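Notes to accompany the following structure.
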Amino acid sequence: MKPFGQRSLPGRFAAMLCAATFAGGCVLLWHAGVARASTGTGRAPELLTYASPVELLFSPDGASLYVLCQESDEVRVLDAKTYASMKNISVGRMPRGFSLSHDGARLFVANTWDDTISVIDTASLAVVATWQVGAEPSSVIADREGRRLFVANRISNDVAVLDAQTGTEEKRLAAGRGSSYITASPDGTRLYATHVYPNPPRVPTPGGNRVPPKSEITVIDASRAVVVDRMPLDRIAHSFHTALSADGRLGVTAHLHPKNLVPLAHMEHGGAFADTITLFGADVGKPVELPLDELERYAVRPFGVAISPDKLRIYVSCEGSEVVTVIDVHHALGFIRTHSGDFVQDLSASANYVTARIDVGRDPRGMTFTPDGRRLLVANRLDDTLSVIDTRTNRVCATVPLDGPKELSVLRHGEQTFYTARYSFQGQIGCANCHIDSTFDGLTWDLEPDGFGRDIVDNRLLEDIKDTEPYKWNGGNPNLPTECGPRTEKYFWRSENYDSLTLTDLVVYVRSIPLRPNRWKLPGRELSPAQERGKAVFERANDKFGKPIPESNRCSYCHSGAKGTSQKSFDVGTKKSTDNSGLLDTPQLINVALTAPYLHDGSARTLEEIWTVFNPEDKHGRTNDLTKDELNDLIEYLRTR
């Protein structure tokens with residue numbers, strides 16, 4: 001394995017050329033699974049395709065290992081004993097989750113950018129059907145009878161119920177915001193669905209979303225396909241995988257506990273995030289949140305969880321710290337029974353039950369036990385490797401490289417830098433803590449540079465942000481090298497770490513983060529009648545009474561250009577008592593439908609509230625003359641941007 005940050009010479013050369021031509025000749029291209037950096041110099045573009053494994057499954061007979069590869073859009077089938085490649089099966093774009101039917105005859109793959117499910121026959125190892133489903137399906141699971149499939153849709157915030165034989169959708173079940181990961185109980189009677197963004201507050205909050213984030217585990221009765229419980233996860237913003245013990249009496253969910261209601265200043269004692277799990281089930285009683293962190297040894301972004309077959313240990317993959325954390329179940333339950341109160345902030349608590357931290361590869365994600373339980377396999381997304389852990393010694397006994405390029409491209413190194421926590425003070429956080437899956441987190445933050453309790457800011461989307469400078473809501477950062485370099489090191493990492501090449505690669509990666517498909521656009525990119533009417537409102541120069549709208553107060557003036565920003569600052573009347581200035585950088589409109597809450601401080605829960613609650617004086621566009629239907633049309637058009 002190469003040391004962190006080591007790249008091939010072509011990659012270094014391309015990075016230096018790009019660094020010299022950010023404002024000129026550097027052109028960045030991205031396709032899922034293909035990283036390209038073209039310098040405009042006549043050199044062939046760098047073209048490296050990585051596997052990026054995210055999830056793992058063994059076949060029921062234990063002979064095959066299925067590896068879900070997100071960037072190469074494949075399921076790779078390996079021999080379970082030798083890990084030799086048997087077959088690569090192409091699926092849809094950007095697969096995120098997969099599962100086997102109860103009899104093991106079919107493998108279902110959720111393709112997030114295609115909005116499809118690939119159905120693979122495990123005997124022929126071929127895709128036998130492709131079913132269209134909801135918006136951004138992120139995981140899929142079948143019931144034990146083979147009658148229904150349950151699909152978590154990240155954009156529509158629901159779980160779709162499909163006929164398992166035909167793919168026909170029966171209904172949708174409301175889930176948490178960013179519904180993403182579903183786990184079945186051992187007997188198959190219950191399904192547990194988590195979500196990656198916090199649920200919005202039930203009522204508007206005048207100062208923005210300054211209430212603790214709330215999430216849930218949505219519990220579904222599989223036989224009736226109905227929601228039977230919503231297990232609250234208080235102060236949790238981002239939940240990932242869930243695991244249950246073989247006897248069904250112990251469940252565990254991995255998640256992030258942000259500390260976004262206080263100024264992001266005191267980093268020495270975990271001042272930004274707590275990395276935690278929640279234990280639930282008959283062995284626990286009332287659900288209990290347990291911290292995984294200890295001082296200078298943080299378990300950054302817990303993602304995958306697995307409970308050993310004998311229920312003695314819990315394993316948690318931690319993306320940013322690049323470890324698997326091992327928890328002694330008996331000690332954890334004993335700690336819960338003998339300690340009351342809120343101990344999530346206690347950085348000495350985990351010493352009572354965390355027994356090992358196993359170094360694995362970069363960005364570890366999904367995990368699975370071998371059929372005999374003696375090995376635990378971990379998918380290292382940004383290494384293209386699998387770590388094999390001996391569960392008797394809790395040590396890595398083998399590292400399995402997946403077929404693919406051995407060189408490290410500029411974009412790949414930049415992505416590794418984005419996801420790791422090793423650059424921050426005491427290894428506490430990484431860029432991906434606040435930009436989940438390189439997007440956003442749905443939270444507002446009190447960042448230190450503007451003063452404590454001042455300039456509360458909503459976290460903005462990173463997709464396709466190149467050429468939208470300046471950055472920050474106050475427009476204070478002129479370019480991405482400043483935003484990602486000195487500002488991040490000073491106010492987030494609390495240390496100066498990036499060398500010039502690492503910063504260059506990080507900036508190249510951030511500039512290349514792709515724009516996911518827009519689900520509100522029609523297939524031919526034409527507009528619907530409602531969207532056409534909304535476009536007319538967006539572009540109008542006169543209000544309904546024939547009065548001219550000043551150019552600076554027209555939607556199309558501030559939100560001009562292909563990305564919906566003039567790259568200028570304006571006062572749109574949304575200044576709060578905590579704001580230092582009313583002048584705000586015009587945000588781009590790219591995929592604006594996905595990024596609630598809205599306004600600079602997150603005070604608007606929906607697009608509608610921007611104009612129905614927070615625009616009384618018509619400073620944020622002339623909208624008070626619009627009917628409800630006309631405002632709906634405007635919003636329908638904005639959703640296509």
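Everything numeric here is computed off the predicted structure, so don't read it as measured data.
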Inset, instruction - Check for a donor-acceptor pair, side chain of Asp61 on one end and backbone N or O of Ala63 on the other, with a separation under 3.5 Å. - result: yes
Legend entry - Non-hydrogen atoms of Ala135 and Asn153 that approach each other most closely: O-CB, 3.5 Å
Inset, instruction - With sequence neighbours excluded, tell me which residues meet salt bridge (charged side-chain N to carboxylate O under 4.0 Å, His left out) with Arg230. - result: Glu216
Legend entry - Residues Lys81, Asp79: salt bridge by 4.0 Å N-O rule: no
Legend entry - Centroid-centroid under 6.0 Å between Phe273 and Tyr298 rings: no
Legend entry - salt bridge (charged side-chain N to carboxylate O under 4.0 Å, His left out) partner of Arg190, chosen from Asp143, Asp221, Asp229: Asp221
Legend entry - Whether Phe418 and His435 hold their rings parallel, tilted or perpendicular, with breakpoints at 30° and 60°: tilted
Inset, instruction - Output yes when a side-chain donor or acceptor of His257 lies under 3.5 Å from a complementary backbone atom of Ala274, and no otherwise. - result: no
Legend entry - Audit row: Val109, Leu68, side-chain contact (heavy atoms from CB on, under 4.5 Å) steps and yes/no: CA-CA 8 Å; Val109 182; Leu68 185 63; 3.8 Å; yes
Legend entry - Any donor-acceptor pair under 3.5 Å from Asp73 side chain to Ser90 backbone: no
Inset, instruction - Run the numbers on Arg106 and Asp121 for salt bridge (charged side-chain N to carboxylate O under 4.0 Å, His left out), then give the verdict. - result: CA-CA 5 Å; Arg106 292 190 296 173; Asp121 180 276; over 6 Å; no
Inset, instruction - Indicate whether the side chain of Thr355 and that of Asp328 have a donor and an acceptor atom separated by less than 3.5 Å. - result: no
Inset, instruction - Please tell me if the side chains of Thr194 and His238 come closer than 4.5 Å, counting only heavy atoms from C-beta onward. - result: no
Inset, instruction - Could you tell me whether the side chain of Ser387 and the main chain of Thr399 form a donor-acceptor pair under 3.5 Å? - result: no
Legend entry - Test: Glu170 and Arg147 ion pair at under 4.0 Å: no
Inset, instruction - May I ask you to test the Gln165-Thr168 pair for a side-chain heavy-atom distance under 4.5 Å? - result: no
Inset, instruction - For Arg422 and Thr417, indicate whether the former's side chain and the latter's backbone hold a donor-acceptor pair under 3.5 Å. - result: no
Legend entry - For Glu55, the option from His241, Gln70, Arg365 that meets side chain to side chain donor-acceptor pair (under 3.5 Å): His241
Inset, instruction - Could you tell me which non-hydrogen atom of Pro198 sits nearest to which non-hydrogen atom of Leu443, and how far apart they are? - result: CG-CD2, 3.7 Å
Inset, instruction - Output yes when a side-chain donor or acceptor of Gln132 lies under 3.5 Å from a complementary backbone atom of Asp115, and no otherwise. - result: yes
Inset, instruction - Report the C-alpha distance between Ile220 and Leu173 in whole Å, list the side-chain angles of each, state the deciding distance to 0.1 Å, and finish with yes or no for side-chain contact (heavy atoms from CB on, under 4.5 Å). - result: CA-CA 9 Å; Ile220 299 168; Leu173 306 175; 3.9 Å; yes
Legend entry - Short N-O contact, Glu415 and Arg381, less than 4.0 angstrom: yes
Inset, instruction - Using a strict cut-off of less than 4.0 Å between a Lys/Arg side-chain nitrogen and an Asp/Glu carboxylate oxygen, indicate whether Arg96 and Glu136 qualify as a salt bridge. - result: yes
Inset, instruction - Would you kindly say whether Thr391 and Arg374 are connected by a side-chain donor-acceptor distance under 3.5 Å? - result: no
Legend entry - For Thr278, side-chain contact (heavy atoms from CB on, under 4.5 Å) partners two or more places apart: Leu233, His255, Pro287, Glu289
Legend entry - Arg144/Asp103 salt bridge by N-O under 4.0 Å criterion: no
Legend entry - Pair Ser59-Thr122, side-chain contact (heavy atoms from CB on, under 4.5 Å): steps then yes or no: CA-CA 9 Å; Ser59 60; Thr122 57; over 6 Å; no
Legend entry - NZ/NE/NH1/NH2 to OD/OE distance under 4.0 Å, Asp283 and Arg249: yes
Legend entry - Any donor-acceptor pair under 3.5 Å from Asn199 side chain to Ser215 backbone: no
Inset, instruction - Would you confirm whether Ser139, through its side chain, and Ile182, through its main-chain N or O, come within 3.5 Å as a donor-acceptor pair? - result: yes
Inset, instruction - Mark yes or no for whether Asn111, through its side chain, and Gly92, through its backbone, hold a donor-acceptor pair below 3.5 Å. - result: yes
Legend entry - Donor-acceptor contact present, side-chain Asn380 to main-chain Asp383, <3.5 Å: no
Inset, instruction - Please step through side-chain contact (heavy atoms from CB on, under 4.5 Å) for the pair Ser409 and Tyr50, ending with a clear verdict. - result: CA-CA 10 Å; Ser409 73; Tyr50 297 95; 3.6 Å; yes
Inset, instruction - Could you tell me whether Arg412 and Glu407 have a side-chain N and a carboxylate O separated by less than 4.0 Å? - result: no
Inset, instruction - Quick one: closest heavy-atom pair of Pro137 and Ala110, and the distance? - result: O-CB, 3.7 Å
Inset, instruction - Run the salt-bridge test on Asp247 and Lys311 with the 4.0 Å N-O cut-off and return the result as yes or no. - result: yes
Legend entry - Plane angle bin for Tyr315 and Phe369 - parallel if under 30°, tilted between 30 and 60°, otherwise perpendicular: perpendicular
Legend entry - Parallel, tilted or perpendicular: ring planes of Tyr181 versus Phe303, cut at 30 and 60 degrees: perpendicular
Legend entry - Basic-acidic side-chain contact under 4.0 Å: Glu169, Arg172: yes
